[in-house]
Amino acid sequence: MPLVQVRLPARQRKYEIKIDGGLLSELGPEARAVLGSSSQRAALISNQIVFEHYGQRAAQSLKAANFKTTLWLMPEGERHKSLRSLAQALKFLTESGLERGDVVVALGGGVVGDLAGFAAATYLRGIPFVQVPTTLLAQIDASVGGKTGVNLPAGKNLVGAFHQPRLVIIDTQTLATLPAREQTSGWCEAVKQGAVGSRKLFQQTRSLLNRGGADFSLWLSREESQTEVSATIAAHCHFKAAIVAGDEREEIGRVDHRSRRILNFGHTTAHALERLTGYRRFRHGEAVGYGTLVAGEISKNIGMLASDELESLREAVRLCGPLPGAEDLSIGEIVTAMKGDKKSLGGTTMWVLLERIGRARLVDGKQIDKRLLRSSLRAGLRSIS
Ligand code: NAD
Ligand code: GLY
């Protein structure tokens, strides 16, 4: 079974990410092994869709490991990653009688994980939590690294905390029920991560995309696919773990190519697209798919990235699946929406660009000519349809 260790130098913390098909049934014993015998209660947070597929198995495994298990299903969707849901989650934890040694278990995609993780970070000033990600995006990215939080009306993820999970359990079989758009969304994040990670990670991701083809669920449901999928997810987790180990809290002054900020490749445009369309048109990863292409175009247009490297990126994003159209959006409005970006520094957007596949560079937005930005946006948003 692939196993990735996340080592955090501050206070010498570490946790494990375990990855395998069918691992959900081991959730209880695995959590018990990490939390010890004094942990009595497990508060399981999920949503209706995920719970219908996997909830009973998770709850039964926790109960079998002697956790008094309570359940709260948060409402479905990104708009419920909110302060209102946080208040409801905290009420649930209080009513469940959770104490400091007990545990919050997040079963779902990034929305459930971010919200449940933030509730665990703030309840009693922080209690343990376990991530059980069930989307591709959450398995390769959101469940690893300890960023938790909720959205505000003013923007995404504007309130949050760094709170590392004590354990991440990835059951790759859960991907078999993932709707096609969620698969595309996860693949786009995987391409993004490969592009800033290493050529090897990028190629591994691309080759899995090629093998999975259009009907990834069907391919995934075959026994022999599990090993390959687990290995690729492990490679992504390994890369993210290394970045997080070196820059857990995304230090403001860091502008080197191993800064945690490189994980935001594609996100400047992505967040603007999401905001401009009221979070309705794009799944997060779909917007990231466009975002990587725009960042790739800028990189090429300022003479940093070779054309054939950009073409590899385009091909990889195309392989992820169809993206909702974006050509109708006003370039001017996208540029305006970028100005409210959380990643800006001193009022300037810091762009994550590419020197080549596998090597990112942080560039101050002031160095990017406005006309070049607009033409790169046009080209990036057009290049997929
Ligand atoms: P999501 O959590 O909304 O899940 C997508 C959809 O798939 C939902 O409808 C969900 O109910 C459903 N679903 C989940 N697992 C399923 C399964 N196995 N079978 C069938 N349906 C399933 O979306 P997401 O893409 O997982 O996460 C996006 C969120 O993650 C965003 O809020 C983003 O900000 C956040 N995020 C956080 C980090 C981080 O480091 N904390 C990183 C990246 C993204
Ligand atoms: N997804 C970006 C990060 O975890 O830093």
Side-chain angles (χ1 to χ4, degrees), residues 6 24 45-55 57-58 73-82 85 106-118 121 129 131-151 155-165 168 170-190 192-193 196 216-217 220 236-237 239-241 243-244 246-251 254 259-267 270-271 274-275 279 282-289 342-343 352:
V6 186
L24 190 57
I45 298 184
S46 189
N47 71 21
Q48 192 71 42
I49 294 175
V50 178
F51 192 82
E52 268 168 23
H53 288 295
Y54 306 108
R57 225 178 329 145
L73 299 183
M74 69 173 287
E76 156 72 26
E78 180 74 39
R79 72 195 171 91
H80 293 289
K81 203 177 97 175
S82 63
S85 300
L107 174 72
V111 166
V112 169
D114 279 10
L115 186 277
F118 192 35
F129 93 111
Q131 287 270 25
V132 189
T134 60
T135 61
L136 181 59
L137 185 145
Q139 294 185 355
I140 59 154
D141 184 359
S143 65
V144 179
K147 277 190 183 175
T148 71
V150 296
N151 305 324
K156 266 187 68 134
N157 300 328
L158 289 185
V159 185
F162 288 98
H163 187 57
Q164 299 290 343
V168 183
I170 297 179
D171 182 344
T172 48
Q173 279 175 6
T174 60
L175 298 179
T177 54
L178 209 55
R181 280 190 71 183
E182 303 305 337
Q183 289 174 18
T184 298
S185 178
W187 283 120
C188 286
E189 284 274 7
K192 168 221 84 174
Q193 202 148 265
V196 296
F216 184 64
S217 306
L220 194 66
H236 277 277
C237 291
F239 163 66
K240 183 156 182 190
I243 294 291
V244 169
D247 185 17
E248 186 183 355
R249 289 177 171 248
E250 206 168 300
E251 296 303 332
R254 278 191 66 166
S259 153
R260 186 167 179 165
R261 295 164 99 184
I262 66 162
L263 300 175
N264 295 329
F265 180 54
H267 281 62
H271 284 161
E274 287 180 280
R275 197 172 318 148
Y279 300 95
F282 302 101
R283 303 296 305 140
H284 175 66
E286 292 172 339
V288 169
K342 179 164 61 74
K343 295 175 295 303
V352 185

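Both ligands and their constituent atoms are indexed starting at 1 by order of listing. Each residue takes its place number in the sequence, starting with 1.
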**Message:** Under 4.0 Å, heavy-atom basis, I'd like to know which part of V244 is in contact with ligand 2: side chain, backbone, both or neither.
**Reply:** neither
[X] versus [Y]: any side-chain heavy-atom pair under 4.5 Å?
| X | Y | value |
| --- | --- | --- |
| V132 | D171 | no |
| Q48 | E52 | yes |
| N157 | D114 | yes |
| E251 | R261 | no |
| T134 | H53 | no |
| H80 | N47 | no |
| K156 | Y279 | yes |

Look at [atom] and say which protein heavy atom is nearest, naming residue and atom and giving the distance to 0.1 Å.
| atom | value |
| --- | --- |
| atom 7 (O) of ligand 1 | E182 CG, 3.7 Å |
| atom 13 (N) of ligand 1 | V50 CG2, 3.8 Å |
| atom 31 (C) of ligand 1 | E78 OE1, 3.1 Å |
| atom 1 (N) of ligand 2 | D141 OD1, 3.1 Å |
| atom 30 (O) of ligand 1 | G110 CA, 3.3 Å |
| atom 44 (C) of ligand 1 | L137 CD2, 3.6 Å |
| atom 4 (O) of ligand 1 | T135 CG2, 3.7 Å |
| atom 43 (C) of ligand 1 | D141 OD2, 3.5 Å |
| atom 15 (N) of ligand 1 | T134 OG1, 2.7 Å |

Counting distance only, does the side-chain N/O of [X] pair as donor-acceptor with the main-chain N or O of [Y] below 3.5 Å?
| X | Y | answer |
| --- | --- | --- |
| H267 | F265 | yes |
| R260 | E248 | yes |
| K192 | G266 | no |
| K81 | V111 | no |
| S46 | L107 | yes |

Going by the order shown, which atoms of ligand 1 are within less than 4.0 Å of some heavy atom of [X]?
| X | answer |
| --- | --- |
| K240 | 40 (O) |
| K156 | 31 (C), 32 (O), 33 (C), 34 (O) |
| N157 | 34 (O) |
| E76 | 8 (C), 9 (O), 10 (C), 11 (O) |
| T177 | 17 (C), 18 (N), 19 (N), 20 (C) |
| P179 | 20 (C), 21 (N) |
| Y54 | 18 (N) |

**Message:** Any nitrogen or oxygen of N264, side chain or backbone, less than 3.5 Å from one on ligand 2?
**Reply:**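 N/O-N/O distance under 3.5 Å: no.
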**Item:** K147-ligand 2 polar pair, N/O distance under 3.5 Å
**Value:**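 It does: an N or O of K147 is found under 3.5 Å from an N or O of ligand 2.
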**Message:** Within the 4.0 Å heavy-atom shell around L263, which atoms of ligand 2 are there?
**Reply:**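 Within the 4.0 Å cut-off of L263, ligand 2 contributes 2 (C), 3 (C), 5 (O).
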Kindly confirm or rule out an N or O of [X] lying under 3.5 angstrom from an N or O of ligand 1.
| X | value |
| --- | --- |
| V111 | yes |
| H53 | no |
| R283 | yes |

With [atom] as the reference point, say which of [options] has the nearest heavy atom.
| atom | options | value |
| --- | --- | --- |
| atom 5 (O) of ligand 2 | E189, R249, R260 | R260 |
| atom 4 (O) of ligand 2 | H267, K240, E248 | K240 |
| atom 36 (N) of ligand 1 | A270, G146, A142 | A142 |
| atom 37 (C) of ligand 1 | L178, D114, N47 | D114 |

**Asked** In a check of side chain to side chain contact (heavy atoms under 4.5 Å, CB included) between L137 and each of E182, R283, H284, which one passes?
**Response**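 When side chain to side chain contact (heavy atoms under 4.5 Å, CB included) is applied between L137 and each of E182, R283, H284, only H284 qualifies.
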Could you measure the distance from the [atom1] atom of [X] to the [atom2] atom of [Y]? Nearest 0.5 Å is fine.
| X | Y | atom1 | atom2 | result |
| --- | --- | --- | --- | --- |
| R249 | K147 | CZ | NZ | 11.5 Å |
| I140 | W187 | CD1 | CH2 | 8.5 Å |
| H271 | N264 | NE2 | CG | 7.5 Å |

**Proximity flag G77 to ligand 1, non-hydrogen atoms under 4.0 Å** =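 Contact check G77 vs ligand 1: negative.
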